[in-house]
Each structure stands twice: as structure tokens, then as C-alpha cells.
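These numbers come from a predicted model, not from an experiment. Chain A is the first sequence line, chain B the second, and so forth, proteins listed ahead of strands; every chain is numbered from 1.
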Amino acid sequence: MTPKVRVRFAPSPTGPLHMGGVRTAFFNYLFAKQHGGDFILRIEDTDSKRFVKGAEDYIMDALAWCGIRFDEGIREGGKYGPYRQSERKDIYLKYAMQLVENKHAYYAFDTPDELEEMRKRLEDEKSSVRQYNALTRGYMKNAYTLPESDVKARVEAGEAYVIRFAMPENEVVTMHDMIRGEISVNTNDLDDKVIFKSADGLPTYHLANIVDDHLMDISHVIRGEEWLPSLPLHVLLYRAFGWTDTMPEFAHLPLLLKPDGKGKLSKRDGDRLGFPVFPLAWTDPETGEKSSGYRESGYLPEAFVNMLALLGWSPGTEQEIFSTDELIQAFDMENISKAGAKFSADKAKWFNQQYLKVCEDGKLAEMFKPILLQNNIEINDDYLIKVIPHIKERIVLLTDFWEQAAFFFKTPVEYNQASLNKHWKADTTQTLLNLAERLNNIPENEFTAHHTEEVAKEFITQNNLGMGKVFNPLRLVLTGTGGGPHLFDIVELIGKSETILRIKQVRGL
RNA sequence: GGUCCAUUCGUCCAGGGGUUAGGACGCAAGAUUUUCAUUCUUGAAACGGGGGUUCGAUUCCCCCAUGGACUACCA
């Protein structure tokens, strides 16, 4: 019997979660749901120094906005809790001690300065070994070099210590990654990682991670490629604990890269290049520095995650638009690519546009209301819903709404200069006033797009005028801009009196 | 410096021992439209280099180059 699929997303609350993290969470979620498994949120806050206030809530809020739901976690609870490593503090020392006892780990007392000195010395010697391991630990202050009684005395006296994993010497470790296949590394190239530190009584990531994944019955670890180099350590840790038979499968996702230049996408890139890197806007509590978010920039969460899913994964077909449910069906670890993917802000916008085009009018109306309120427009639901079909194919981001549709809600106060120069001739004012008179004769209940257009066209033929010669300036006077939806749809929607009023404003031009 | 991972249009992906190497974004041109946007059509645009294996490699193998990640008492 294969064990139940249980995967986790394990962020560290050191700041807002960026889109790469969201993608990792999303792939975990898709994998879990596809296999009818559980998706767990575990907060890895074992670094007390880097804790950032608000980050944990941010992570949960951001994922909730994306539609990514956890089966177990801080807010959801669950029988494998607590889900915050700082609250599991008591667990880890015991496991660290277990390793010390069976000689897979040892005490070390080196100060930061001494460690720095060691690195410097090795570098000066041009040694290819620069790490604390079987080749170098014999020169350091630890349980290998100190008498056992001394070690015990130091620990009992409360001297600061760390527990290091005793990396075996010259052994080839072969691991399996679901995306990359077999990977081998010689332990001589690895180091005796610190797994526990007495200073705060907390484990480091490596220990906490393995212990918790084991205790929480995690079946698959799906994480970013930046973790690949520590996979051998993790595999060895499972072995040292005797947990190899229940060791999870590993999958290391390709990184999200900067659109320009090189390197992984970082929080600095977004606002530098004009796109958000975070799902939600964030203000750093320390520095007050603000970062923009996809939500605030006018993206739909469905579009955002759809875009993310296709960065580093492909369905093998040409389909690009997927609902989350379709993604759950289609997702496949085999089709994850191995190389990093450069993020494209243009493609992100395109996805959003596709979603906006098919979004229900009613839903859009709700999303546009706050924008209307911000612009001091009194909301008329019936009217708003009628306006939406005319603008939803014209916007890329929700935030484009006001720019594209303002004239539906208020009389233009200024006119696009380029369009004015192009279309405004000496006789235009009079022509439009004459047209207004004609339109004014149409009874209120016949003031439809179809009928007003007929009347206007008739007016043009009778006066021997060109369509463009009349319609372009009419559009300008009605909307203030050079573009927009079908002219007479605008006429019908804003209504007779407003149409006449706006035309009569031409006298001011 | 060391280790590991990667390499198909500018970008994201497909493909796979013999193909006109496919799609999408973006870009360009055209059609439609009173305008802008949409839509449609068309176009330019790629297998990093060198060795093998093979009748034949973009596809398999090796080397190189390039890129990336990691190399903390961070995660």
C-alpha cells in the first residue's frame, strides 16, 4: 500500500512571500489535490533573528487570495500540530541528542571568529576543501579534539555550543529527484552542518525540516532548486535517524529568474522593472519600504496562478488557459522542466486580459465598485452592469477600468489634445451643434444606439459630410479621448440629456 | 575556488535518430472598425561549440563554453 500523499509548504516568515514561493506552494497544492492528499502549511521560524512581524499573516493571506487552501496549518489546525516550528521547540533537542549518541553528530565550541579564521586559512592555502568536515574538524574545537570530560564540562557549564552533523568521509551518496533523476555527490565536498544551536535552543533548518517532515508523515518534498545542494545532507540525516524507509520523495523545482540579466527573481526586481513580485502589496515594518502586489495592481488571482503554473511546467498540449481544477487534473511532475524560467511581465498581463474577457459582468461590477467609490461616483448597479460589456475587452488590468470608462460616469472636463488637433476643423463646432439639434428631436424612449446612429448617418448624408468628419469629433466631445467602444453604445448609455449636454460643451472649445 | 544542476526563436514552452523544428507572449505588416482596443490573416525569429555513436543527429554519449544554484550558529 502506498502511503497517503501529504505535502507541505514550509516558508520562513522573514518577509513577504514572493511569486516564486507562491508557485512552489501552488505546485505542492496541485500535486496534493491530484492525489487526493493533504496539503500542509508549516512555518519555519527557527531563525529568531530574521523574524519579521506580519510576514506570517502575509503568507497566509497571500495564499488565500491565490485560492490555495491548506488542509492543515496555523489557521486550519490539524492533528500533526503545532505547525509553527518555534512552538515545536522542545522536540528538536531530543533528536539532536539521539544523533550525538549514535555518533552521527557532535558538539562543537568554535566561536564565529575561529570559524572565520579557519575559512581564511583554507583559502590562503588554496585548498579545495573549505568546509568544516572530516578533513578539517580535527583542527577545530569540538568533541573530536577535546576530551570527553571536557566536552561534558563545557556543556554543563552552559558554554555556548552547536551540534554539528558528522558528515562521513569520502562516501558517494546517490539520491533520487523526481524531476532530475539520479544525483550523486561525494561527502568530502559536503560539510558538517550545524543542526542545533544552544544560543537560542533552536535547531537549524536542516534538522527541523527532517524531523518535522518525518513526524508529519510527509510523503513528497516539493521545493525550489536552491535546496538541491542540501539534499545529500537531508538524505544522510534520514539515514542517521534510521528513517530511510519512510523518507519522502524529493522534487526540486526550477527557479524563477529575473526577466533581464541573470539570477533568480528577487524582491528588488519587481519595482525596478515595473511589475509586482509579490501577490499582495507589502510595507516593511522596519524600513517602511513599500512593494507592490499583484492584487493591488489589478490582477485576478486565477490569472496570476495560471500564469505561474505555466512557468516551468507545461501540459504537453497547446492549452494555456486553465482553471485551478483543470490544473489539478493536468498537472504532472514529468512535465516540469529542469531549467530556470525567466519571468515575463507581458505574458502575465496577457493572462489577466484573457481572464478579464471571460469574467462574468456581475463579478466585474463588484470589483469595479471600489474604483468608482474612489472617484466619488455614486453607484448605480443597473447602469454599471450595462457599461461592463463595453469595456471588459478593452482592459488588461482591473486598474485600467477608470481610465477606460470614466466618461460613462462623468462629463469630460478636458479633451485629448492630439485628437483635437487631428479632428477639429473650423466648421466642426457648428456641425456638432446641428447634429445635437437632430438628436434632440428623438424622443427619450427611442434614444437607442441603433436609432441614434441611424439619425446621425442620415444627418451626414443629407449634409454631404464624411462619417469620420462627424464621428471623430463627436467621440472626442462625448468621451474626451480618441478611442473607446462603439460610439452610439456610448450615446445610448449616457442618455439623451447627457449626450446633448456634452455636445453643447463644444462652445467652450 | 569547490560541488551540484541546467542549455530549442528575444521570452515561456512543445518536439524528438530522417520534421517545411510546432504553439504562446512580444514585435512587424495587412484585413475589419467612425476611433482605440478586440478579432482575423501573414511575417521575421531558435536546436551554444567541438568530438564521437550512426547510413543519418537538434534528438543518444563525452568534452568544452556559458548560465544558474549552493558553499552561514539563514531558510
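For Arg475(A) and rU35(B), a side-chain-to-base donor-acceptor distance below 3.5 Å is present, hydrogens and geometry of angles not being considered.
Pro315(A) comes within contact range of no nucleotide atom at all, as no heavy-atom separation falls under 4.0 Å. Using a 4.0 Å heavy-atom distance criterion, Lys349(A) is classed as making no nucleic acid contact. Within 4.0 Å (heavy atoms only), Lys49(A) reaches sugar-phosphate atoms of the nucleic acid but no base atom. Among the protein residues, Glu44(A) comes within range of the sugar-phosphate backbone only, with heavy atoms under 4.0 Å from sugar or phosphate atoms but none that close to a base. At a threshold of 4.0 angstrom between heavy atoms, the contacts of Arg180(A) are confined to the sugar-phosphate backbone, with no base atom among them. As judged by a 4.0 angstrom heavy-atom cut-off over every strand, Thr14(A) is placed among residues making no nucleic acid contact. Heavy atoms of Ser230(A) sit nowhere under 4.0 angstrom from any nucleic acid atom. Residue contacts shown for Asn209(A) are absent, as no nucleic acid heavy atom lies under 4.0 Å away. Backbone-only engagement by Ser337(A) is indicated by non-hydrogen atom pairs under 4.0 Å involving sugar-phosphate atoms exclusively. Within the 4.0 angstrom heavy-atom criterion, base atoms lie near Leu487(A). Nucleic acid contact for Lys469(A): none, since no nucleic acid atom lies under 4.0 Å from a heavy atom of the residue. Using a 4.0 Å heavy-atom cutoff across all strands shown, Gly312(A) reaches sugar-phosphate atoms only and no base atom. In this structure, Ser184(A) reaches the sugar-phosphate backbone alone: every heavy-atom distance under 4.0 Å involves primed, P, OP1 or OP2 atoms, never a base. Counting non-hydrogen atoms under 4.0 angstrom, Leu115(A) reaches a base of the nucleic acid.
The distance between atom CD of Glu226(A) and atom P of rG68(B), rounded to the nearest whole Å, is 15 Å. Atom NE2 in His423(A) sits roughly 6 Å away from atom C1' in rU35(B) (whole-Å rounding). When the P atom of rC12(B) is taken as reference, atom CG of Leu253(A) falls 16 Å away, rounded to whole Å. If you measure from atom CZ of Phe343(A) to atom C1' of rG26(B), you get 14 Å, rounded to the nearest angstrom. For Gln354(A) and rU39(B), the CD to C1' distance is 11 Å, given to the nearest whole Å. Atom CD in Glu116(A) sits roughly 10 Å away from atom P in rC73(B) (whole-Å rounding). Atom NZ of Lys422(A) is separated from atom C1' of rU34(B) by 11 Å (rounded to the nearest Å). Rounded to a whole Å, the CG atom of Asp489(A) is 14 Å from the C1' atom of rU35(B).
Ion pairing between Lys349(A) and Asp400(A) fails under the 4.0 Å rule for side-chain N and carboxylate O. A salt bridge links Glu453(A) with Lys457(A): the distance from a Lys NZ or Arg NE/NH1/NH2 to an Asp or Glu carboxylate oxygen falls below 4.0 Å. Looking at Glu159(A) and Lys141(A), no side-chain N of the basic residue comes within less than 4.0 Å of a carboxylate O on the acidic one, giving no salt bridge. Salt bridge Glu116(A)/Arg119(A): present, at least one basic N to carboxylate O contact under 4.0 Å.
Between rG18(B) and rU59(B), the two P atoms lie 11 Å apart (nearest whole Å). Between rU33(B) and rG16(B), the distance separating the two P atoms is 44 Å to the nearest Å. Between rA28(B) and rC62(B), the two C1' atoms lie 43 Å apart (nearest whole Å). Comparing rG22(B) with rA45(B), their P atoms are spaced 12 Å from each other, to the whole Å. rG15(B) and rC47(B): their C1' atoms are spaced 11 Å apart (whole Å). A gap of 12 Å separates the C1' atoms of rA44(B) and rG10(B), to the nearest Å. Nucleotides rU58(B) and rU8(B) place their P atoms 15 Å apart, quoted to the nearest Å. The same atom, C1', is picked in rA46(B) and in rU11(B); the two are 12 Å apart, to the nearest Å.
The aromatic rings of Phe368(A) and Phe401(A) lie parallel to each other, their planes meeting at an angle below 30°, with 60° marking the opposite boundary. Between Phe343(A) and Phe275(A), the two ring planes are tilted [angle within 30° to 60°].
In this structure, the nucleotide among rG2(B), rU34(B), rU11(B) sitting nearest to the side chain of Asn472(A) is rU34(B). Closest to the Ala339(A) side chain, of the nucleotides rU34(B), rC13(B), rU7(B), is rU7(B). When distances are taken from the side chain of Lys338(A) to each of rC73(B), rC25(B), rA6(B), the shortest belongs to rA6(B). Considering only side-chain atoms of Val162(A), the nucleotide from rC73(B), rG68(B), rC70(B) that sits closest is rC73(B). Here the side chain of Ile183(A) is nearest to one of rC4(B), rA72(B), rU38(B), namely rC4(B). With distances taken from any side-chain atom of Val185(A) to the nucleotides rU3(B), rC13(B), rU11(B), the minimum falls on rU3(B). Closest to the Thr204(A) side chain, of the nucleotides rC74(B), rA69(B), rC5(B), is rC74(B). Out of rA24(B), rC4(B), rA75(B), the shortest distance to the side chain of Glu320(A) is found at rA24(B). Listed nucleotides rA72(B), rA75(B), rA24(B) differ in distance to Trp227(A); the shortest reach to its side chain belongs to rA75(B). The side chain of Lys193(A) lies closest to rU71(B) when the candidates are rC73(B), rC74(B), rU71(B).
Across all strands shown, rU3(B) forms a Watson-Crick or G-U wobble pair with rA69(B), both key distances being under 3.5 Å. The nucleotide rC47(B) finds no pairing partner, because no Watson-Crick or G-U wobble arrangement with both distances shorter than 3.5 Å includes it. Pair assignment for rC25(B): rG10(B), on the basis of Watson-Crick or G-U wobble contacts that are both within less than 3.5 Å. The pairing partner recorded for rU59(B) is none, the criterion being a Watson-Crick or G-U wobble arrangement whose two distances lie under 3.5 angstrom. Across all strands shown, rC40(B) pairs with rG30(B); the Watson-Crick or G-U wobble distances both stay below 3.5 Å.
A ring pair (Phe, Tyr, Trp, His ring centres under 6.0 Å) with Tyr144(A) holds for exactly one of Tyr139(A), Tyr106(A), Tyr132(A); it is Tyr106(A). Of the residues listed (Phe165(A), Tyr161(A), Phe196(A)), the one engaging Tyr107(A) in a ring pair (Phe, Tyr, Trp, His ring centres under 6.0 Å) is Tyr161(A), and it is the only one.
RNA chain B is contacted by both Thr317(A) and Glu453(A); Thr317(A) maps to the nucleotide lying nearer its 5′ end (nearest heavy atom per residue). Closest-nucleotide positions on RNA chain B for Lys457(A) and Leu190(A) were compared, and the one nearer the 5' end corresponds to Leu190(A).
Contact annotation: Lys264(A) reaches the phosphate of rC70(B) (side-chain N/O to OP1 or OP2, under 4.0 Å). Between Ser344(A) and the phosphate of rC12(B), there is no side-chain N or O to OP1/OP2 separation shorter than 4.0 Å.
For Tyr58(A) and Trp282(A), the gap between ring centers is short of 6.0 Å. When ring centroids are compared, Trp227(A) and Tyr205(A) come within the 6.0 Å threshold.
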